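A quick write-up on the structure given underneath.
Fair warning: this is a prediction, and the values are worked out from it, not measured in the lab. Ligands are counted one by one from 1 in listed order, and the atoms in each one are counted from 1 as well.
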Amino acid sequence: MKTKETIRKIVKTIFFIEIIKGLALTLKRLFSHAVTIQYPVERRKIAPGFRGQHALAKDVEGKAKCVGCGLCATICPSQCISVGREKGKVSRYEIDTLRCIFCGFCVEACPYGAIVLTENYEYSGYKKEDIYLTREKLLFNWDKFMAGKKGEEYFKRFWRPMSEDFETPSIQAIWRGRH
Ligand code: SF4
Ligand code: SF4
């Protein structure tokens with residue numbers, strides 16, 4: 001058995017089998033379609049629900065939904081969200097994008113539907129600050145990428161089940177108030 005294997009190895013080495021195989025593969029690829037594209041002239045279609053850059057959601061009146069409860073920051077495995085409150089208002093909301101792993105836990109944890117992951121992947125910069133997300137940038141992202149129907153449908157399409165998907169069991173005790 002061992003001799004057979006040794007002979008096979010010798011034959012492969014003498015006749016450059018692996019090199020020939022490699023060259024054949026290269027030759028085959030030469031005449032097939034390129035898998036690369038000429039970005040940014042050409043762009044790939046993004047799959048719906050793609051987890052890209054964050055945005056802070058606004059309500060129908062254009063006000064930020066975030067109340068600064070900090071649940072998203074607590075659950076974030078990368079600890080890249082920082083939330084601050086002053087005098088009962090959200091004073092600071094920042095995301096260090098370089099540390100984010102786009103797991104979406106922040107979106108799942110938020111009880112107000114106040115944070116989303118947009119489909120935007122085209123952001124880069126020469127400095128860390130260029131892609132560091134402040135509250136202003138995050139709210140701007142909502143207007144730019146999620147305004148209108150898109151923002152309305154976002155949670156229904158990509159973040160189910162939601163509380164409305166669950167029915168109250170018929171035997172569930174329900175508080176009906178004092179009589
Ligand atoms: S997507 Fe995940 S890693 Fe990124 S900010 Fe949200 S919870 Fe943190
Ligand atoms: S985004 Fe949601 S979970 Fe995070 S601080 Fe704002 S309201 Fe709370």
Identify, by atom number and element, the atoms of ligand 1 in contact range of [X], meaning under 4.0 Å from any of its heavy atoms.
{"X": "S78", "answer": "3 (S)"}
{"X": "C80", "answer": "5 (S), 8 (Fe)"}
{"X": "I101", "answer": "3 (S), 4 (Fe)"}
{"X": "F102", "answer": "1 (S), 4 (Fe)"}

Query raised in the report: Ion pair present between K150 and E119, side-chain N to carboxylate O less than 4.0 angstrom?
Result: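 Salt bridge flag = yes for E119 with K150.
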Query - Ion pair check, E18 and K12, cut-off under 4.0 Å - result: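 Here E18 pairs with K12 in a salt bridge, since their nearest N and O are under 4.0 Å apart.
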Tell me the protein heavy atom at minimum distance from [atom], and give that distance in Å.
{"atom": "atom 4 (Fe) of ligand 1", "answer": "C100 SG, 2.3 Å"}
{"atom": "atom 2 (Fe) of ligand 1", "answer": "C103 SG, 2.3 Å"}
{"atom": "atom 8 (Fe) of ligand 1", "answer": "C76 SG, 2.3 Å"}

Report task. Name all residues meeting the ring pair (Phe, Tyr, Trp, His ring centres under 6.0 Å) criterion together with F102; count only those two or more places apart in sequence or in a different chain, and write none if there are none. Result ->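 If we apply the ring pair (Phe, Tyr, Trp, His ring centres under 6.0 Å) test to F102, skipping adjacent residues, the hits are H54.
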Query raised in the report: Is it true that F50 and L138 fall in one hydrophobic cluster, defined by side-chain heavy atoms closer than 4.5 Å?
Result: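 In one cluster: no.
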Query raised in the report: Are L133 and L139 linked, directly or through other ILVMFWY residues, by side chains that come within less than 4.5 angstrom of each other?
Result: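 Hydrophobic grouping puts L133 with L139.
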Query raised in the report: Which residues and atoms, protein N, O or S only, are under 2.8 Å from atom 4 (Fe) of ligand 2?
Result: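 Listed by chain and number, the nearby protein N, O or S atoms are C72 SG.
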Query raised in the report: So which bit of H54 gets within less than 4.0 Å of ligand 1, heavy atoms only: side chain, backbone, both or neither?
Result: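 The part of H54 near ligand 1 is the side chain, not the backbone.
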Query raised in the report: Can you check side-chain contact (heavy atoms from CB on, under 4.5 Å) on K137 and I95, steps first, answer last?
Result: CA-CA 10 Å; K137 283 186 196 172; I95 299 178; over 6 Å; no
Query raised in the report: Sub-3.5 Å donor-acceptor pair from the side chain of R44 to the main-chain atoms of Y39, do we have one?
Result: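 No; judged by distance alone, with no hydrogens or angles, the pair does not exist.
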Query raised in the report: Is the CZ atom of F16 crowded by more than 12 outside heavy atoms at less than 6.0 Å?
Result: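 No - once you tally the heavy atoms of other residues, nucleotides and ligands closer than 6.0 Å, there are 12 at most.
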Query raised in the report: Within a radius of less than 6.0 Å around CZ of R29, do more than 12 heavy atoms belonging to other residues, nucleotides or ligands occur?
Result: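 Not more than 12 within 6.0 Å, no.
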Report task. Decide side-chain contact (heavy atoms from CB on, under 4.5 Å) for I115 and L56; before the verdict, give the C-alpha distance in whole Å, the side-chain angles of both, and the deciding distance to 0.1 Å. Result -> CA-CA 5 Å; I115 179 130; L56 275 179; 4.3 Å; yes
